[in-house]
Amino acid sequence: MPVDGLRGVGPKVAERLAKVGVASIQDLLFHLPLRYQDRTRVVPIAELQPGDEVLVEGRIRDTGIGYGRRRSLKVWLSDPSEQAGILLRFFHFSSNQVAALRPGTGLRCFGEVRRGYQSLEMVHPEYQPCGPEDGPDMEDVLTPIYPTTEGLQQSSWLALTDQALALLDQDHALLAEWLPPDVLTRHQLPPLAAALRLLHRPPTSIPLIELRDRQHPAFRRLAFEELVAHQLGLRRLRRNQKRIQAPVLSGDQSLRARLLESLPFELTAAQRRVADEIAADLQRPHPMLRLLQGDVGSGKTVIAALAALQAVESGLQVALMAPTELLSEQHLRSLRGWLGPLGLEPLWLVGRHKGRERAELVARIAGDDVQVVVGTHALFQEDVRFRDLGLAIVDEQHRFGVHQRMKLREKGALAKTVPHQLIMTATPIPRSLAMTLYADLDLSVIDELPPGRTPVTTVAVPDSRREEVIHRVRDACANGRQAYWVCTLIEESDALQCQAAEDTAKALAESLPGLRVGLIHGRLKAAEREPQMVGFAQGELDLLVATTVIEVGVDVPNASLMIIENPERLGLAQLHQLRGRVGRGAVKSHCVLLYHAPLSRQARERLAILRESTDGFEIARRDLKMRGPGEVLGTKQTGDMQFRIADPAGDETLLPAAQQTADMILDRHPDHVQPLMERWLGGRLEYGGV
Ligand code: ADP
Ligand code: MG
């Protein structure tokens, strides 16, 4: 039922509704309020807390015009006892308003309470006059606030959802119930129509907090259905995947055995286990799609190298892709070191290769003599054709690039088979969450660090103590250690960030005479960067000033101190990754988070998490709790894996039930599968490309 059948929906409104994804009356019913206001009761002024959004009533005690930084009309409102008061503040006001807001007038206001200079305040509250007895009627349901778009007022949403709910009452078939009744009973969930009605117009009997925390059964009911739909989609993806052919990479072990022999270390038990899991997958005729999780420094690269060699042993090509040029460079270096002695020369292709040089590289990738290709997203470009790609390895660090996953599959599709895929990440997400978000992936976890690592001690220090921190760098270097100094900038601008690093390097070199200070950032050419990296690695530089580019790509065991400037600007995963550059040797290592005060409460909590834990899994778990999976996994921006209602990190208890229900529906109600997926996923699960 299209939405333009409703009163008040002409072409203009229909267009605006379409902007927020509302085309039908069903869509409208699923367009749920973001939050609620309670206009059903008056809160005594004496009980107000900053942050409350409330209705208050009182009498005007005094009115005046203030000439502070901005001219404002100030109205002091007192409760009947005159014991408590609140200041109403209007920055825009007319002379009529001044006249109407005379002392002695009774007023009912709605607004957000803030802490002012001397008292609590409300800025630009809604207000209406009211006498002692004849107060205007109160609302009798909580007021929903809908997510909206320009040109659509809350009043329009109210009018529209009123009509939609009335239609739903007349005709229950408007929204089919796809969850079997026994499932609802078992999990004590209300029917769909009742849940939607309640969320659009919650009665006052429901504590606002249950709605805010999305713990009310009505929310849980919708979250549950969404999770079920999601599980169905993932199960279908997985089934389809089994129908696709991939090259069987049996491999004869010849190269892998030689690599293992040449390594200066033994694989950890965890590394051996995941290497076996991957090796087994690669021998199957269906594409592997495996997520390899392992904390920073857990040794994922050597696992990638082993998988790569299995492809090469089988006569096929392998591509190793990294999110940044610098990281791809580091992989190139590692692979050269390990594979060079086996007679393999990896080819490197990144964005900076242009013109003739690029054309030549691209031609070689299509030719017979290249087995191993290392690069960035440059490998995804149209004209890059592999001779015979058997395996693609994507090192995503803490980013997840689902889009890139898709494109890679297309590359293989030319050859009628799809390459195997290994995705490596240092953002460990709890297994249950991984199963929900990436149930189309198999999961391997390296849950053990190589022996001999020492945990890093982390402290947070305000930048007012910068001098002290600089002395610390001097002392560490005087003792033969090396240090990193990481610059961050709030702007996304690469140029500014590099400039900041250059300035910092200059300033530090001046305050630390005698120390050899190096500098690396993303704008340096490889030829300029390389000597700095090598110099630092060989101990010819004491201090390496860098932008966040070094979160990846440096491995210097003698570096035992890292200063991170403005850590509050970075995500936890990134900070953890950066910090992973130290603590790689036997020496006790330290990380100083040099923050800029004052910190927000959130920032303080985040830095505390980092101080308290060096375990990537623990950090990721707490980060997820604080920010939700969309933010942490970086899927929020891309729109991948967006949940409308469910919060897979928060609704963990619902997950097992949703998985069971999905299986049961597939079994016993196969005709419900498609409509459920359409209702909740639309086309969104197509990204898997299968
Ligand atoms: P990450 O998982 O963060 O990508 P790397 O693969 O870069 O970690 O490994 C970090 C360092 O540990 C590298 O210098 C690597 O050679 C080394 N390494 C890997 N596995 C082991 C092991 N089993 N024992 C000792 N060192 C190892
Ligand atoms: Mg790595």
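We count ligands from 1, going down the list as the structure has it; atoms in each ligand are counted the same way.
Within the 4.0 Å heavy-atom criterion, the part of Asp295 lying near ligand 1 is the backbone and not the side chain. Neither the backbone nor the side chain of Gln330 comes within contact range of ligand 1; no heavy atom lies under 4.0 Å.
Not a single heavy atom of Gly294 sits closer than 4.0 Å to an atom of ligand 1. Under a 4.0 angstrom heavy-atom cut-off, Gln293 registers as lying outside contact with ligand 1. In this structure, Ile446 does not count as a contact residue of ligand 1, since none of its heavy atoms falls inside 4.0 Å of the ligand.
The atoms of ligand 1 that sit less than 4.0 Å from any heavy atom of Val296 are 3 (O). Remark: ligand 1 atoms within the under-4.0 Å shell around heavy atoms of Thr268 are 23 (N). Counting the atoms of ligand 1 from 1 in the order shown, those under 4.0 Å from a heavy atom of Thr301 are 4 (O), 5 (P), 6 (O), 7 (O). The atoms of ligand 1 that sit less than 4.0 Å from any heavy atom of Leu267 are 23 (N). Against a heavy-atom cut-off of under 4.0 Å, Arg584 is close to the following atoms of ligand 1: 10 (C), 11 (C).
A distance-only check finds a donor-acceptor pair linking the side chain of Thr488 to the backbone of Glu565 [under 3.5 Å]. In this structure, the side chain of His420 engages the main chain of Met288 through a donor-acceptor pair within 3.5 Å.
With respect to Arg290 and Asp281, a salt bridge is recorded, a charged nitrogen being found less than 4.0 Å from a carboxylate O.
Residues Val582 and Leu561 are not in side-chain contact: their nearest non-hydrogen atoms beyond the backbone lie 4.5 Å or more apart. Contact check for Leu316 versus Leu389: no side-chain heavy atoms found under the 4.5 Å cut-off.
For the residues Met424, Arg272, Glu266, the heavy atom positioned nearest atom 23 (N) of ligand 1 is part of Glu266.
For the residue pair Asn566 / His596, no side-chain donor-acceptor distance below 3.5 Å is found, with atom types taken as modelled. For the residue pair Thr457 and Lys588, a side-chain donor N or O sits within less than 3.5 Å of a side-chain acceptor on the partner. Glu277 and Ser444 share a donor-acceptor pair across their side chains, judged by distance under 3.5 Å alone.
The distance criterion of under 3.5 Å between nitrogen or oxygen atoms is met by Gly299 with respect to ligand 1. Between Gly297 and ligand 1, at least one pair of N/O atoms sits closer than 3.5 Å.
When each of Arg481, Arg474, Arg516 is tested with Asp542 by the rule salt bridge (charged side-chain N to carboxylate O under 4.0 Å, His left out), just one qualifies, namely Arg516.
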